Structures are given as structure tokens and as C-alpha cells.
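What you are looking at is a predicted structure, and each value in this text was computed from that prediction instead of being measured.
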Amino acid sequence: MDVTSFLIIFGVCLACMLACRCLPVFLLKGKQLPERFVRALNFIPPAAFAALVTNDLFDPAKVASGDIALWGMPLLAAAVVLVVGAKTKSMAACIVVGVGMLAVLTYAPALL
């Protein structure tokens, strides 16, 4: 791909991304949205996050391997993060505990 084609594709992608992200903000500024619509929009971030997390928790290749330790580790880390999230309500604490749990569960057996 030559530079001109790349710049055209990049420019079109940039314009579409900006239109999708910025245009609604400018068009809806100062307008009151219906309560049902706002409630529906509030489901989008948790649903997107759940889709990303579920993809990593239930990797078909790991489950098909039959090694319960291999696919059980992310589930154990997720359970611990769920408890920490319920107690602290802090995303930072959840991230630190989740990464730490995965590191311990992944690398601690190799060190022993």
C-alpha cells in the first residue's frame, strides 16, 4: 500500500471515528434525554466490559485442553476481583488485585 492510499484510509477512519464520538455530544448538548433512554445507555459500558472479560475467561482453546488449572486460573482471579470490587467499589483496586492474582497464579507454580 502506498502512502497516499494509507493517508486516505486513515483520514476516512479518523473522520468516521470523530463523527461517531463527537457529533452526538454536540448535537445533544443541553437537551434532556428521556429517562428510559438514559437507563438503556447506562447498560452499554458494563455490557462491553463483560464481553471483553468473558472472552478471556472462557477461552475455548484453554477449556478444550482439559487442563482445569489452565482455564481455572482466570476464573479464580475473577472471583477474587469480584469480592474486592464488592467490598471497595474501586476500579483501581480491582485492576491491581486482578493483575496481581493472575501473576501469582501464573508464575508462582513455576517458581516452586
Side-chain angles (χ1 to χ4, degrees):
M1 175 184 307
D2 62 343
V3 175
T4 306
S5 298
F6 172 76
L7 290 175
I8 291 171
I9 293 171
F10 182 76
V12 169
C13 289
L14 180 67
C16 289
M17 183 192 68
L18 287 175
C20 291
R21 291 178 182 228
C22 298
L23 209 56
V25 173
F26 293 122
L27 293 176
L28 297 174
K29 186 176 182 178
K31 294 184 180 175
Q32 185 68 24
L33 298 174
E35 179 62 29
R36 289 183 65 181
F37 187 70
V38 172
R39 273 198 331 244
L41 287 177
N42 286 334
F43 285 113
I44 293 174
F49 185 71
L52 291 171
V53 169
T54 303
N55 190 34
D56 289 334
L57 287 180
F58 301 106
D59 184 12
K62 290 180 183 176
V63 174
S65 73
D67 185 8
I68 196 158
L70 186 63
W71 64 272
M73 285 188 297
L75 290 176
L76 180 61
V80 172
V81 167
L82 222 113
V83 170
V84 169
K87 295 282 185 192
T88 65
K89 306 276 193 251
S90 167
M91 183 178 271
C94 290
I95 291 169
V96 170
V97 168
V99 170
M101 278 298 296
L102 273 178
V104 166
L105 291 171
T106 302
Y107 297 112
L111 296 174
L112 298 176

Interatomic spacing from SG in Cys22 to CG in Leu27 - rounded to 0.5 Å | 11.0 Å

Given the rule that I, L, V, M, F, W and Y join up when any side-chain heavy atoms are under 4.5 Å apart, are Val3 and Val12 in one cluster?
-> no

Give, for atom CE of Met73 and atom CG of Leu102, the distance between the pair rounded to the nearest 0.5 Å.
-> 8.0 Å

Single-linkage hydrophobic cluster Ile8~Met1, side-chain heavy atoms < 4.5 angstrom = no

Distance (rounded to the nearest 0.5 Å) between Leu41 CG and Arg36 CZ = 12.5 Å

How far apart are the closest heavy atoms of Ala77 and Leu105, and which atoms are they?
-> N-CD1, 4.1 Å

What's the spacing between Ile9 CD1 and Leu14 CG if we round to 0.5 Å?
-> 13.5 Å

So if you build clusters from Ile, Leu, Val, Met, Phe, Trp, Tyr with side-chain heavy-atom gaps below 4.5 Å, do Val104 and Val99 land together?
-> no

Answer yes or no: are there more than 12 heavy-atom neighbours, outside Met91 itself, under 6.0 Å from its atom CE?
-> no

Side-chain donor-acceptor distances from residues 81-89 under 3.5 Å, at least two apart:
| residue | atom | partner | partner atom | Å |
| --- | --- | --- | --- | --- |
| Thr88 | OG1 | Val84 | O | 2.8 |
| Thr88 | OG1 | Ser90 | N | 3.3 |
| Lys89 | NZ | Ala86 | O | 3.3 |

Listed partners of Ser5 passing side-chain hydrogen bond (donor to acceptor under 3.5 Å, both in side chains), at least two apart = Asp2

Linking I/L/V/M/F/W/Y whenever any side-chain heavy atoms sit under 4.5 Å apart, do Ile95 and Phe49 land together?
-> no

Is there a path from Ile44 to Leu33 through hydrophobic residues (I, L, V, M, F, W, Y) whose side chains come within less than 4.5 Å of each other?
-> yes

